[in-house]
Chemist: 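Submitted below is the structure of interest, expressed as structure tokens.
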Amino acid sequence: MPELPEVEVAARNLRRWGTKRTIRAARADRRAARLFRPATPTAVEALAGARLVSVERRGKNLLCTLARGRAERLGVWSHLGMTGKWLRRGAQDPSPPATRVELDLAGGTRLCYVDRRMFGRFRIVPGARFDDLPEIAALGPDPLTDGIDAAGFAARLGRLRTPIKVALLDQTLLAGVGNIQASESLFRAGIDPRRPARSLSAAEVKRLAAAIRASIDFTLGTFADAGADGGKADIGYVEEGTAENPFLIYGRAGAPCPRGKHGKHGKHGTIVRVVQAGRATFFCPRCQNGAQRRSRGG
DNA sequence: ACCCGTGTTCGCTG
DNA sequence: TCAGCGAACACGGG
């Protein structure tokens, strides 16, 4: 489930649930070792006694900074992969299925890192030196916290022959854009996802940058509406069927284009699904026709 | 059984 | 050497 907006919600949850609290005990289940790859399995128990100071999100990565005593800092890096979640439970509650790591906090709250498929990552980072991790150092700017530098974004895209939709998934270009946000933002910008990245005009790149931001903001808003909390911040995710699909076109193959009717004859487009680099892409062939698309306002 | 999946990495190929 | 893909990872759900 996790792209930038979902991870942002997880970061906000962790801040609310755990900041300033001390970890009384920590444990990992047997299969959690896979989450430490490629590093040596870490003793999660070493987190006991540390206090959560801050939670930062960079792209799809969660960076928790903890303090032990006055001087010592340590970090916890987690990446939710495909099925990772941070959930909160009370001291007496049963652990959710597929819980891999649990942190018992002072006051009775338990933070549970849950991951069924275990494509995620979980690692203790000595000194909270996150930038020493190659996975973090390689990240491009975060569209939400850093903004998109139009000139840099355009320069980078201008060198790529790869389809623009595939390029958007490259975390060194922008950190946090995933398969959903890529399709959604290209729809908002009216750009055909199959076009080579380098073929986009300056105006299209600018439109795309704004559309990425708009799509992320929109998605964040739908999560807030869905229940920012209330006691159990188990956000309903699309694939779990617990929430309506909140997206404009993602997962809507065969549906009429939400932009409505186009052209003099008033025919609406139909959303199609194609596969690019092994990933599903959704778009409207009628209003995302790239260079031929008439300029905005239509 | 088969296909699909909001992510990342590895290895092959041209 | 490098860009670009498909496969692999793992485990459900439809």
Side-chain angles (χ1 to χ4, degrees), chain A residues 1-10 29-39 57-62 77-86 96-100 113-123 133-140 143-144 156-187 193-198 212 215-216 218-220 222-223 226 235-254 273-282:
Chain A
M1 53 231 55
E3 291 186 29
L4 189 157
E6 293 84 351
V7 181
E8 175 63 20
V9 169
D29 85 344
R30 207 155 291 268
R31 299 175 57 203
R34 155 166 290 279
L35 299 171
F36 303 131
R37 78 202 127 91
R57 181 193 55 74
R58 265 190 248 174
K60 302 170 190 171
N61 297 271
L62 286 166
W77 166 45
S78 59
H79 186 299
L80 304 179
M82 289 280 269
T83 53
K85 300 175 192 182
W86 277 101
T99 294
R100 305 304 175 199
Y113 178 84
V114 176
D115 192 348
R116 189 175 305 278
R117 285 169 77 180
M118 289 187 301
F119 289 166
R121 300 292 183 90
F122 190 105
R123 193 181 303 168
L133 301 174
E135 294 91 338
I136 301 299
L139 294 174
L144 196 60
R156 186 81 191 280
L157 291 180
R159 278 180 247 124
L160 299 175
R161 226 180 307 253
T162 189
I164 180 61
K165 191 272 188 169
V166 178
L168 286 176
L169 299 180
D170 180 349
Q171 300 298 294
T172 71
L173 176 68
L174 292 176
V177 176
N179 205 40
I180 293 180
Q181 299 300 328
S183 278
E184 292 285 296
S185 57
L186 285 165
F187 172 74
R194 300 165 296 185
R195 283 175 54 198
R198 56 150 65 149
I212 290 167
S215 179
I216 288 170
F218 172 80
T219 307
L220 265 175
T222 67
F223 289 158
I235 307 283
Y237 295 110
V238 174
E239 92 288 359
E240 294 174 332
T242 53
E244 292 263 318
N245 177 351
F247 303 111
L248 299 177
I249 56 159
Y250 187 87
R252 299 190 187 280
R273 176 189 182 277
V274 298
V275 173
Q276 297 181 280
R279 314 294 308 277
T281 300
F282 297 87

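Chain identifiers are assigned alphabetically (A, B, ...) following the order of the sequence lines, protein sequences preceding nucleic acid strands; residue numbering begins at 1 within each chain. All values derive from a computational prediction rather than experimental measurement.
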Chemist: How is A:R159 classified with respect to the nucleic acid when contacts are heavy atoms under 4.0 Å: base, sugar-phosphate, or nothing?
Modeler: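 Here A:R159 touches no strand at all.
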Chemist: Using the P atom as the reference point in each nucleotide, state the distance between B:dC2 and C:dA7 in Å, no decimals.
Modeler: 15 Å
Chemist: To the nearest 0.5 Å, what is the distance between CG on A:L157 and CZ on A:R198?
Modeler: 11.5 Å
Chemist: Detail all sub-3.5 Å separations between protein N/O atoms and N/O atoms belonging to nucleotides 8-10 of chain B.
Modeler:
unit_1 : atom_1 : unit_2 : atom_2 : d
B:dT8  : OP1    : A:H79  : NE2    : 2.7
B:dT8  : OP2    : A:K60  : NZ     : 2.9

Chemist: Is there a side-chain polar atom (N or O) of A:R116 under 4.0 Å from OP1 or OP2 of C:dG12?
Modeler: yes
Chemist: P atom, B:dC3 versus C:dG6: distance in rounded Å?
Modeler: 16 Å
Chemist: Which pair of non-hydrogen atoms, one from A:T99 and one from A:D29, has the smallest distance, and what is that distance?
Modeler: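 For A:T99 versus A:D29, the nearest heavy atoms are O-OD2, 3.4 Å.
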Chemist: Can you tell me if A:T172 and A:R156 form a side-chain donor-acceptor pair at under 3.5 Å?
Modeler: yes
Chemist: To check you understand the geometry: which heavy-atom pair defines the closest contact between A:T281 and A:Q276, and what is its length?
Modeler: OG1-OE1, 2.7 Å
Chemist: Looking only at atom types and distance, does a side-chain atom of A:S183 sit under 3.5 Å from a main-chain N or O of A:I180, one as donor and one as acceptor?
Modeler: no
Chemist: What base-paired stems does DNA chain B take part in, with at least 3 consecutive Watson-Crick or G-U wobble pairs and both distances under 3.5 Å?
Modeler: B:2-5 with C:11-14, B:7-14 with C:2-9
Chemist: Calculate the interatomic distance between A:K165 atom NZ and B:dG7 atom C1'; express it in whole Å.
Modeler: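 To the nearest whole Å, that distance equals 12 Å.
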Chemist: For nucleotides C:dA10 and B:dG11, find the distance between their P atoms and express it as a whole number of Å.
Modeler: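 Between the two P atoms, the distance is 15 Å.
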Chemist: In whole Å, I'd like the distance from the CZ atom of A:F247 to the C1' atom of B:dT6.
Modeler: 7 Å
Chemist: Assign A:A280 to base, sugar-phosphate, or nothing according to its heavy-atom contacts below 4.0 angstrom with the strands shown.
Modeler: sugar-phosphate
Chemist: Identify the two heavy atoms, one from A:R121 and one from A:R123, that lie closest to each other, and give their separation to 0.1 Å.
Modeler: NH1-NH2, 4.0 Å
Chemist: If you count the non-hydrogen atoms of other residues, nucleotides and ligands that lie under 6.0 Å from CZ in A:R37, is the total more than 12?
Modeler: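 Result for CZ/A:R37: enclosed.
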Chemist: Can you tell me which residue among A:K165, A:E3, A:E184 is in a side-chain hydrogen bond (donor to acceptor under 3.5 Å, both in side chains) with A:N179?
Modeler: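 The passing option is A:K165.
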Chemist: Starting at CG of A:N245 and ending at C1' of B:dG5, how long is that distance when rounded to a whole Å?
Modeler: 14 Å
Chemist: May I ask you to verify whether the side chain of A:R117 and the base of B:dG5 hold a donor-acceptor pair under 3.5 Å?
Modeler: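 Per atom types, the contact qualifies.
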Chemist: Measure the distance from CD on A:E6 to C1' on B:dG5 and round it to the nearest whole Å.
Modeler: 14 Å
Chemist: Got a sec, which residues hit ring-ring contact (aromatic ring centres under 6.0 Å, His included) with A:F282, two or more places apart in sequence or on another chain?
Modeler: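 By the ring-ring contact (aromatic ring centres under 6.0 Å, His included) rule, A:F282 matches A:Y250.
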Chemist: Can you tell me which nucleotide in B:dG5, B:dT6, C:dC5 comes closest to the side chain of A:T162?
Modeler: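 Nearest nucleotide to the side chain: C:dC5.
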Chemist: In whole angstrom, give me the gap between the C1' atoms of B:dG5 and C:dG4.
Modeler: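 Straight-line distance between the two C1' atoms is 22 Å.
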Chemist: Can you measure A:D170 atom CG to C:dC5 atom P for me and round it to whole angstrom units?
Modeler: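 A:D170 atom CG is separated from C:dC5 atom P by 13 Å.
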Chemist: Looking at every heavy atom in both A:Q171 and A:G176, which two are closest together, and how far apart are they?
Modeler: OE1-N, 2.8 Å
Chemist: If I take atom CE in residue A:M82 and atom P in nucleotide B:dG7, what distance separates them, rounded to the nearest angstrom?
Modeler: 6 Å
Chemist: Rounded to whole angstrom units, what separation is found between the CG atom of A:L62 and the P atom of B:dT6?
Modeler: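 Distance, rounded to whole Å: 20 Å.
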Chemist: Please report the distance separating the C1' of B:dT6 from the corresponding atom of C:dA3, rounded so that it comes out in whole Å.
Modeler: 25 Å
Chemist: B:dG5, B:dG7, C:dC5: which one has an atom nearest the side-chain heavy atoms of A:R273?
Modeler: B:dG5
Chemist: Which whole-number value in Å describes the distance from A:L160 CG to C:dC5 P?
Modeler: 12 Å
